[in-house]
Each structure stands twice: as C-alpha cells, then as structure tokens.
There are 2 protein chains.
Amino acid sequence: MTIKEVAERAGLSVATVSRALSGRGHVSETARTLSAQAARELGYVASYNAASLASGRSKNVGLVVPWVNRWFFSTVIETASTVLAADGYDLTLYYLGGGKRERDLVFSDFLLRKRVDGLLAVSLELDDAERADLLRVGTPVVCIGGVMPGVSTVSIDDFATARLATAHLIALGHERIAHLGWEGPGDFDLATTRQGGYAHALSEAGIALAPELLVLGDFTMAEGYAAAKRLLSDPRLCPTAIFAASDEMAIGAITAARDLGLDVPRDVSVVGIDGHDLGPVFGLTTVDQHVREQATQAAALLLGLLDAEPGEREPVHAELEVDLVVRTSTMVPNADRPSSR
Amino acid sequence: MTIKEVAERAGLSVATVSRALSGRGHVSETARTLSAQAARELGYVASYNAASLASGRSKNVGLVVPWVNRWFFSTVIETASTVLAADGYDLTLYYLGGGKRERDLVFSDFLLRKRVDGLLAVSLELDDAERADLLRVGTPVVCIGGVMPGVSTVSIDDFATARLATAHLIALGHERIAHLGWEGPGDFDLATTRQGGYAHALSEAGIALAPELLVLGDFTMAEGYAAAKRLLSDPRLCPTAIFAASDEMAIGAITAARDLGLDVPRDVSVVGIDGHDLGPVFGLTTVDQHVREQATQAAALLLGLLDAEPGEREPVHAELEVDLVVRTSTMVPNADRPSSR
DNA sequence: CTGTTAGCGCGTTCAT
DNA sequence: ATGAACGCGCTAACAG
C-alpha cells in the first residue's frame, strides 16, 4: 500500500497526492477530495519512516523518564501523550530504570538514531557525559522538573514550594519537623532544592535544623512508609510533624503513623508536595504543583520549538505557581502526644 | 553523519561498513575493526528510519495501554521497556485514555504507519472495528491480560484466580462477601472473568449471590475507596468481607474501612488480586499474578515472533500460575462487629 | 569476503 | 496547480 497506488486510483501524480494528504503546498479542491477518497478506500496512511527520510521530520518525540511506576511520572506520560497525539505525534518512551547498562544504551545509542524530532526529559539528573550526549542529539529538548543549562524548562520553584510547606507547619506551631527528602545529585544546590527550602524555613523561624530528623533517600511510597516508621518509633526523635518531598512519601508516612497507633493529625502532622490523586482519600495537606499543567505546557513548548526554524529556538523557562491545599493531615501540635512504640 | 562518511574514513565501501556494524553477513575481522573504530571516532549511529525503509525492520515495538497511571500498567511498561531495550528495541507508547477521538486516531492512523515491527497490547477491550484495524497492521501482536482470538496471549486464569480469592474468604467462614469488580465489555463472559469466578465460588459453597454486594465499575484506588465506603456504611448490607478485583481497589477499601472506624481484618476482611508493591505496607492478602513475569514473557514472546519467518508465527497462549499470599487483611469473621456509620 | 547497483516510500525541488 | 525527476540513508541482491 504505497502512495503510488493511491495516485493511480485517484488519477493524479504522487506529488499531488502527497501534497493533498500532507496539507503542504497548494492543491485544488478537487485534487484534495480525490486524494482523500482514494486514500480512504484503500486504507492508506503514509509510512512514517519514508516520510521521515524524505522530509527530515519524523513526527515522533522521545520521552525520557527515570521511572514509570510513580504518580508524578505516569501522570506526565499520560498528559504528554495526549497532547502530542492531538498534533499527530507519536511518543517513544525511554525508561532509564533498567540498570546502568540500559541507561548507557539510551544515551549512547537510542537517542542518537534520529528517531525523534524532539525530546521531553522528566526530572533527569544527568552526569556530564550524558548531558553532552543529550545535546549532541541536536534536537530540541524540553525539561520538566529538572535543571539543565541551555535547555528549555518547565518547572516549579522547588525551594519556595518546600519553604511554603514547611512554613505551614511552623505557622501551626510545630518545631520538631522531620523531612523525608531526596538524595541530591553531585552538584546539589541548597538554594534551589526542596531540602534547601525546608532548611531555610526552619532558620527563618529560628528553629535549629536537627540532622537526625532529615532522612534522605529516593523513596517510593513503600520506602517512605518504612522511613517514617523508623522516624516515628524512635523515642529519641519525637517529631510532631513530617514534611515529605512527595505526596507518595507523605501517604506512606500517614500509613506508618496509623500502624504505630498514632493519629494523624492529632499526634503527628504530615504535609507533602504534588497534588496526588489520592490526596483527598488520605486527607493529605499538600502543595499542589499542577503536574498535568506542567506536562501540557512542556509538550506544547516542545511542539512550538519543532515548528520554529532551528535558528529561532531560544531556550524558554516557564515556572508554574503552586498552591497550598490544606486538608486534614495537619493541625497544631499536641502537647501530650503518647509515646509511640 | 552518514554511513558514507564512515566508509570513507575506514577506507571501505558503505556496504561493508553496513554489514560490519549491523552484524548481518560475513565480514573480515579487520573490516569489522576498521568500521567500528571509524564509527566510534565519528560518533556515528545508523538512522533507524533509513534502516527501516531499506530493511523493513524498524527495531521498534508499539505498546498499547488504556492507562499509564495504574500499578499494573506502569509495571508492565517498565518491565517490557527493559526487556525490549536489551534487544535493541525502542518502545513507542500508545495511550488510549485521552478520549474517544485520540483513541480512534491510534487505531486508524498511528498504528498503520509502519513505525512498529510488533505490538504489545495490554488488557485491551476492543470493539470489532478496532480489532480489525489492529490485525490489519499486519505485524505480530501479543496480548497481556486480555483475550483476542487468533493472537498470541500471556495471561492468567481470571476465573480461577477470583475463585481462589473468594474461596479463601469462604474457608475462613465468610458468607456476606462483597465484590468490587470491573464493568465487563459487551461480550462479557461469566465463565472466564473474575466476576464469574467470584460467583462460582459462592455457589460452590451454597451461598446465594447478593446483587447488592456486587459493585461494578472501573475503579482507581480513589474510586475503590468511595465504593467501599458506600458499601461499608450502608447498615442494610453489612458485608464481613470484600473481594476486590485489583489490589488498588483493595487498598482503597482498607483505607475506607479505617476511616469508618472499622478494623481490618477484625471487622472486615479484604482480599485483592495483583501482587501490588504496596501489599506488604497494607498487610494486604492478595492473589499474586506475577505481573513482571507476565510482561517479561510477553515481550520475549514478541521478540521471538519478530525473529521468526512470517509463515512460522503460530499464536501461542501462555497462562501463568498465580499464588495466594495471605497477609493480615483477612481473618475469620467477627460475630459482634460494631455497626458502622 | 568485498564493492557496485538498485531500490525501500516518501517529500521536495524544478519545470511546466 | 500539477507532474517528472531526484534524493533522503540505508540494506539487499548481485557480481566479482
């Protein structure tokens, strides 16, 4: 089923059919109708590969993610996929979680094979070699929720977001506030990260940062549960509140508290960051970072870059507002909290 | 950066370099070394599009999913991606959740553009037109967790799995067992579905099926929470146990019970199906369906079909064993359960 | 084992 | 507005 057969059936040349079907170039109304009808009757759709080779555009974007099985990422994937599909773009997924070897392959091989017109990179922490590979691909890149010099970015202010969450707890009267956060990359920067915002909010309030209340890792909900359980069951620590860097960790923490016989928020307050779909179910107070909006803007931004001339592709940095959503997982600290086991 | 430049640098013809780099055809050791070295120095990697056009193989498989943001699906995606990447295959994601129009586009357009060598379809319920489109693509298809005549399948026995879960509750002494299940497609079949297994287990035990305890929908964890809350707070119903068709619904049910002041398992037992990562956290009794193993087998099966000659592609049906994992969300029913509000 | 040649199926000139 | 011819980058068939 090639365009040639369609052309014969329509009684036109391949060139005219190509123009009619792709919408590029001027074609008479009758030619357009004829082409469309012949294509429909034959069930013809152009081959991406051939079109790509001839035009240089592949109508495909790559989405690079460190995980799929986490709310933030799966939400970005769903949203980006929908936005891109509406413009006729396929989405090729590059999942980095399969181990060091697979990860290397993605950067040194898959991404360089010119299969994609552009790249969406989600929360990527890259080393220098990887960053170089990524830029060497030569296609437009838009990052979501991560920093990369010289590349367009859609993000939130992590520092301010964490500060907002922590300040909410402080305003309620909490002082022993634990933090479940992320292990930063090498070039970790206190001034731009959630951990930094946490520390800043504490110092603003004249509260000393207690290192034993700072738990860094890379936590799923299950790992957040385990970490919170350790934190809450250690009699020397006695935090009255927990600020988790993600809603999944926060939900894990709430579950851990309950399993220890603690009441949330009476015995311990919990706040997260995300705007997770499960927030309402757990009554979770959180800072909503409007993930779907971030993904939509990032995809739209990338589509814009793909339309623009290669020379006209100035990096854009969009920063979205966040919103504190107060539910029932936070309240003023309880003086006579039962000692947990 | 084309293969031609590599050939010139290596002092060989493009054909030889192509053979050397792709591993197809016989090439001398020296030619292989020369080609590899020239390619490395130039940072050359072959274009998928051009290779695909010439060879008919695109080294890309499509993965069609109704959702990303659910544990079962995101787990399949991660696993399949890893397996396929190890064989040099890219993974293009076709997400069907973006609305009816997007869904139609996938079947009538995207999938027909010869971008993929094969298709992995996860838990798809297709109408006749979509099924026809899918088969018209002409590439090998492997289904996971769904039925499609004439297509290779990796699945579990849904009927037996649900029967096992229900029988576990019955063996403990439960009789008023609610079910949170899925709305079936048009050609819904009691003999092969989870709802069917549930009904069968009840009738085996001489327990009448109570229609008011059967709640069908298409539930996320949050919706499962809401459904369970209605079920458990209706004083006329009083189920002593809930069997959920997925672990996410089951976890939602556990959370709902807790919020109603009910103790799990003392006041209500809950069992699910999946083997969800969060199962241990919630003490969830479940039937593990070994999702990663299913995805691995499906991906491997597809890779096998891609290697085979088009004539030698007999549909294969692999059915995996499931395992009942008893944790702490199920126990014998409590005679004097407090009436819930 | 290697080089030459001929497409793969399109989009895009350049004529008309 | 349309058609003929060319070429995108690569692999496959055919010689040698």
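Note that the structure is a prediction, hence the values are computed from the model and not measured. Chain A is the first sequence line, chain B the second, and so forth, proteins listed ahead of strands; every chain is numbered from 1. Side chains are part of it too, since the values below use all heavy atoms of this structure and drop only hydrogens, waters and symmetry mates.
For dC8(D), the OP1/OP2 oxygens have no side-chain nitrogen or oxygen of T2(B) closer than 4.0 Å. Proximity of S13(A) to the phosphate of dA4(D): no side-chain N or O atom is located under 4.0 Å from OP1 or OP2. OP1 or OP2 of dC10(D) has not a single side-chain nitrogen or oxygen of S47(B) nearer than 4.0 Å.
N49(A) and Y48(B) form no side-chain donor-acceptor contact under 3.5 Å, judged by distance and modelled atom types alone. Side chains of S28(B) and T30(B): a donor-acceptor N/O pair is present below 3.5 angstrom, by distance only. S13(B) and T16(B) share a donor-acceptor pair across their side chains, judged by distance under 3.5 Å alone. N69(B) and T75(A) share a donor-acceptor pair across their side chains, judged by distance under 3.5 Å alone. Between the side chains of S74(A) and S74(B), no donor-acceptor pair is found at a separation under 3.5 Å.
A straight line from CZ of R115(B) to P of dG9(C) spans 17 Å, rounded to a whole angstrom. When rounded to the nearest whole Å, the span between NE2 of H26(B) and P of dG3(C) equals 17 Å. The CD atom of E29(B) sits 10 Å away from the P atom of dT2(C) (whole-angstrom rounding). Across the protein-nucleic acid pair, L34(A) atom CG and dT2(D) atom C1' stand 13 Å apart, rounded to whole Å. If you take CD of E5(A) and P of dC10(C), they are 9 Å apart, rounded to a whole angstrom. In this structure, the CG atom of L53(B) is 9 Å from the C1' atom of dG9(D), given to the nearest Å. Atom-to-atom, NZ of K114(B) to P of dC10(C) comes out at 8 Å; the value is rounded to the nearest Å. Rounded to whole Å, the distance from CG on N49(A) to C1' on dC8(C) is 10 Å.
Atoms CZ and CG, on R115(B) and D117(B) in that order, are 12.0 Å from each other to the nearest 0.5 Å.
Around CZ of R24(B), the count of heavy atoms belonging to other residues, nucleotides or ligands within 6.0 Å does not exceed 12.
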*Could you encode protein contacts along nucleotides 11-16 of chain D as a string, one character per nucleotide from 5' to 3', using B for base contact, S for sugar-phosphate-only contact and - for no contact, with a heavy-atom cut-off of under 4.0 Å?*
SBB---
